[in-house]
Number of protein chains: 2
Amino acid sequence: MINFKIILKILGLLVLMEGLFMLFGIPFSLYFHEDDLFPILISSLITAGTGGFTWFLTRNAAPDLGKREGYIIVSTAWIFFSFFGSLPFVIGGAIPSFTDAFFETISGFTTTGASILNDIEAMPHGLLLWRSMTQWLGGMGIIVLSIAILPILGIGGMQLFIAEVPGPAPDKLHPRVKETAKRLWAIYIIFTASEGILLMFGGMDLFDAICHSFTTMATGGYSTKQASIACFNSPYIHYVITIFMFLAGTNFTLSYFALHLRFDKVWKNEEFRFYVSFILGFILLVTAGLWITQDNGLEKSFRDAAFQVVSIVTTTGYVTADYLKWMPALGVVILILMFTGGSAGSTGGSIKMVRLLLLFKDGLLELKRLIHPNAVVPVRFNHRVVSTQIISNILAFVVFYMVITGFSVIIMGFLCSDLDTAFGSVAATLGNIGPGIGAVGPAENYFHLPAFGKWFLSFLMLLGRLELFTVLVLFSPSFWKK
Amino acid sequence: MINFKIILKILGLLVLMEGLFMLFGIPFSLYFHEDDLFPILISSLITAGTGGFTWFLTRNAAPDLGKREGYIIVSTAWIFFSFFGSLPFVIGGAIPSFTDAFFETISGFTTTGASILNDIEAMPHGLLLWRSMTQWLGGMGIIVLSIAILPILGIGGMQLFIAEVPGPAPDKLHPRVKETAKRLWAIYIIFTASEGILLMFGGMDLFDAICHSFTTMATGGYSTKQASIACFNSPYIHYVITIFMFLAGTNFTLSYFALHLRFDKVWKNEEFRFYVSFILGFILLVTAGLWITQDNGLEKSFRDAAFQVVSIVTTTGYVTADYLKWMPALGVVILILMFTGGSAGSTGGSIKMVRLLLLFKDGLLELKRLIHPNAVVPVRFNHRVVSTQIISNILAFVVFYMVITGFSVIIMGFLCSDLDTAFGSVAATLGNIGPGIGAVGPAENYFHLPAFGKWFLSFLMLLGRLELFTVLVLFSPSFWKK
């Protein structure tokens with residue numbers, strides 16, 4: 001039997017904490033004398049109250065926590081977070097429609113960054129802080145999920161990281177998750193604080209610096225400005241954010257090693273080398289394209305290229321340049337990069353580097369296998385043989401990703417006025433990126449979509465964020481049997 | 001060592017036969033008194049002469065024919081065919097540019113149907129017959145390749161058909177290929193003749209009936225009319241062609257069984273059931289969409305839907321309705337159908353039903369495996385367990401297909417004025433379909449693309465037609481070692 005009591009207990013505790021985190025907006029509400037104080041307080045009360053009460057009712061649940069419970073907690077946590085997290089926007093009417101508020105909030109917690117706001121600067125500061133914080137908390141959740149929980153659930157090749165994670169022996173789930181989370185959150189907080197300070201050096205005010213460092217480290221991409229990072233006309237700020245987006249898209253275990261000065265471990269990691277080369281290659285390509293076709297000079301071409309390539313590859317979704325106005329080939333490059341994603345164990349979404357790398361290796365070896373059908377030609381990763389089970393799991397993941405993209409584009413096709421928008425909205429939400437192409441491009445937003453489209457894309461954000469299988473497994477009859 | 005002599009011998013023989021087939025255009029040249037008699041004769045002479053001379057020089061080659069020789073023969077045969085096959089167009093100047101003529105011919109032999117002709121009706125009849133015949137011969141080649149040769153080479157799950165093929169024991173390559181080819185060609189010819197007769201009943205003249213039945217059975221899609229099948233304003237003709245496109249997209253071994261009245265074998269085949277359900281499902285969807293959004297009535301909506309869905313799924317590429325003028329969602333449906341393809345063992349290209357079906361099954365089972373990680377959950381096809389090796393081969397194929405699509409779209413992005421054209425041209429050539437979307441849509445053609453684009457798309461046609469690996473394996477260093 002599934003232990004629903006422990007599920008409710010953990011969810012209750014998480015929602016209680018969410019309610020408390022909401023209060024962080026209050027100093028800004030007070031300082032700016034805006035009318036979001038009351039909505040935040042009420043929302044916090046409802047959220048923390050509901051969470052606390054649920055936790056109280058289930059406090060003596062049996063501590064049996066198995067795989068099934070894990071799947072259910074992970075899949076529903078994001079939904080509950082988004083439901084309660086949208087209250088501050090709805091109460092008080094900053095975002096009048098619940099559909100819009102939920103979309104904006106799940107887009108935050110999934111670190112997607114797809115927005116329905118037409119005038120971000122008009123939002124009160126307390127709510128903008130909460131909006132940025134949904135992404136920051138979502139990023140925290142993802143780090144634990146991808147490094148400590150998904151490997152145990154066996155999702156899409158994440159097993160490969162088990163051995164790499166610093167922490168106690170991998171056989172004890174509970175202390176391990178706790179210890180790993182603590183160490184990685186420390187890095188997350190150090191990086192966030194460092195970015196905030198560096199941004200303030202560049203002239204950004206405290207509020208914007210906090211919000212942008214929150215959403216950078218989460219690879220979320222929510223900005224406090226309608227024009228996103230393009231609003232800050234400072235090369236320094238662009239470069240700082242580019243570097244921290246890159247760090248946010250790096251496996252946090254590697255950052256842990258780097259901060260302990262064990263650079264050998266970092267450079268020996270094949271995914272990291274692939275991630276660096278991949279990004280550099282595409283920055284070069286796009287820089288060349290922009291330099292030749294635009295009159296912005298080499299530095300600006302390089303800066304725009306680096307910023308947008310890193311922003312899309314890491315699935316952050318910040319914008320300094322409207323890539324839809326670039327030459328078509330570069331727009332295509334951006335679209336394709338939406339299917340890459342950052343490293344596994346980062347806050348980035350989409351398919352992710354390690355899967356692309358292993359697929360690439362397996363594909364090349366497949367050619368070898370055709371020529372020597374009786375030879376055993378295993379894929380290696382970080383000098384270790386990868387089991388065929390993991391490879392086929394990864395292949396299935398990618399194929400699922402493509403098939404879900406295909407069917408979703410058909411569904412969105414019925415709701416959008418053109419193919420680009422249908423394709424862009426699916427790629428940008430399933431990949432947790434934010435801005436897409438067409439009418440949901442970097443200069444636009446998702447407000448104009450019909451309500452059904454917003455709910456459907458919300459589902460895609462969740463699906464993408466939880467590596468597909470975590471959610472899909474709940475739809476499998478064998479999950480619920482016995 | 002690779003036995004190049006036997007390779008040349010077989011290629012020589014094939015090219016000799018190609019030269020003889022060219023002569024079939026002559027009766028039409030004579031009847032219509034057009035100026036293509038001389039170009040056809042000269043081309044036939046050059047082709048048959050070169051082929052015959054090569055064959056003569058290598059006639060006593062050692063008969064050792066291994067896998068490597070197989071790969072080289074298959075990959076280069078289509079290139080040689082297209083080179084010599086373009087001569088009738090170049091000599092005499094019907095298509096002045098060699099790039100264009102080669103594109104048109106490889107598009108024929110790969111049964112793609114992407115054309116560079118701006119005024120098809122202005123072409124002399126002898127050349128139009130040869131143009132249709134390139135597709136018909138290409139279709140013949142593909143039947144042998146996919147049912148008799150690829151399974152032995154172990155390409156992309158084709159092994160699954162070995163047991164199903166009627167013919168002598170599968171351990172003897174040579175007599176087996178010959179016998180299988182004979183039986184399947186008989187069906188191919190019976191179907192072609194039947195369609196031609198039925199089309200003439202519908203009022204089509206002999207010449208058009210021959211050309212269209214040639215290109216239907218090859219799922220090629222070359223028409224003798226600039227407006228394709230839309231030119232024939234006869235529901236009867238549309239339905240006849242729809243049915244024969246469907247047959248051409250069916251595994252020819254199943255047609256063999258059906259003609260021997262063993263319908264149980266046909267219906268028991270899982271791929272066939274999937275193919276039928278898949279097509280019916282999408283016809284219903286598109287019919288509904290067209291009926292609601294257009295004023296054409298139910299019959300015309302159904303007819304257009306059935307024709308276009310079958311035309312794209314089977315990768316034929318005939319056109320009765322410009323799907324780019326449909327509502328965007330239906331355009332998306334058509335684009336996605338470009339990645340499906342007909343059945344394995346048919347003349348259709350693209351990914352193919354059996355692969356999609358097995359991926360779908362494997363994906364669902366992956367969910368089961370996640371819940372029960374220690375259970376052995378194999379994929380079954382036609383009641384038999386499919387080895388994990390074949391599944392991962394199929395997964396690798398699909399991933400390769402997607403990655404090649406992605407990179408090709410980037411390359412075409414540099415040559416096209418918009419994303420749709422880049423995407424459409426790649427999907428339509430790699431999938432051997434013909435018309436794409438954007439500026440290479442059903443009402444347009446490929447003439448306006450730059451020369452490099454035409455050569456690149458020619459390569460994609462070949463790659464798609466030969467199931468990727470057959471060509472890619474030649475680029476693998478281990479192929480050439482030892």
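Below, read A as the first sequence line, B as the second, and so on, with proteins coming before strands; counting in each chain starts at 1. Worth knowing before you read on, the calculation uses all heavy atoms, side chains too, and leaves out hydrogens, waters and symmetry mates.
None of B:L472, B:N393, B:V473 except one satisfies the side-chain contact (heavy atoms from CB on, under 4.5 Å) rule with A:E366; the exception is B:N393.
At a 4.5 Å heavy-atom cutoff, B:L415 makes no contact with chain A through either its backbone or its side chain. For B:I336, the part lying near chain A is the side chain, with the backbone staying farther off; criterion is any non-hydrogen pair under 4.5 Å. For B:F400, the part lying under 4.5 angstrom from a heavy atom of chain A is the side chain only. Proximity to chain B (any heavy atom under 4.5 Å) is restricted, for A:L335, to the side chain, taken from C-beta onward. Of the atoms belonging to A:I391, not a single heavy atom falls under 4.5 Å from chain B.
In this structure, B:K361 places its NZ atom where more than 12 heavy-atom neighbours from other residues, nucleotides or ligands lie under 6.0 Å away. Residue A:F360 qualifies as open at atom CZ: its count of foreign heavy atoms under 6.0 Å is 12 or below.
How far CG of A:L468 is from CG of B:L367: 10.0 Å, rounded to the nearest 0.5 Å. The CE atom of A:M402 lies 9.0 Å from the OG1 atom of B:T405; values are rounded to the nearest 0.5 Å.
A:L395 has its side chain within reach of B:S392: a pair of non-hydrogen atoms, C-beta onward, lies under 4.5 Å apart. Using a 4.5 Å heavy-atom cutoff, the side chains of B:L359 and A:V403 are not in contact.
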*Could you walk me through whether A:K67 and B:I371 pass side-chain contact (heavy atoms from CB on, under 4.5 Å), step by step?*
CA-CA 8 Å; A:K67 266 191 165 189; B:I371 305 163; over 6 Å; no

*Evaluate side-chain contact (heavy atoms from CB on, under 4.5 Å) for A:Y71 paired with B:L370, printing each intermediate quantity in order.*
CA-CA 10 Å; A:Y71 281 116; B:L370 283 174; 3.6 Å; yes

*Show your working on side-chain contact (heavy atoms from CB on, under 4.5 Å) between B:V399 and A:D362 and close with a plain yes or no.*
CA-CA 10 Å; B:V399 170; A:D362 183 62; over 6 Å; no

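In terms of heavy atoms, A:C416 sits closest to B:P328 at O-CG, 3.8 Å.
Here A:Q389 pairs with nothing under the side-chain hydrogen bond (donor to acceptor under 3.5 Å, both in side chains) rule; sequence neighbours left out.
For residues 280-290 of chain B, heavy-atom neighbours of chain A at less than 4.5 Å comprise B:F282, B:L285, sorted by residue number.
Among A:F423, A:F414, A:F475, the residue with the largest count of heavy-atom pairs under 4.5 Å with chain B is A:F414. Contacts with chain B were tallied for A:L356, A:V398, A:V409, A:L330; A:V409 has the most, counting heavy-atom pairs under 4.5 Å.
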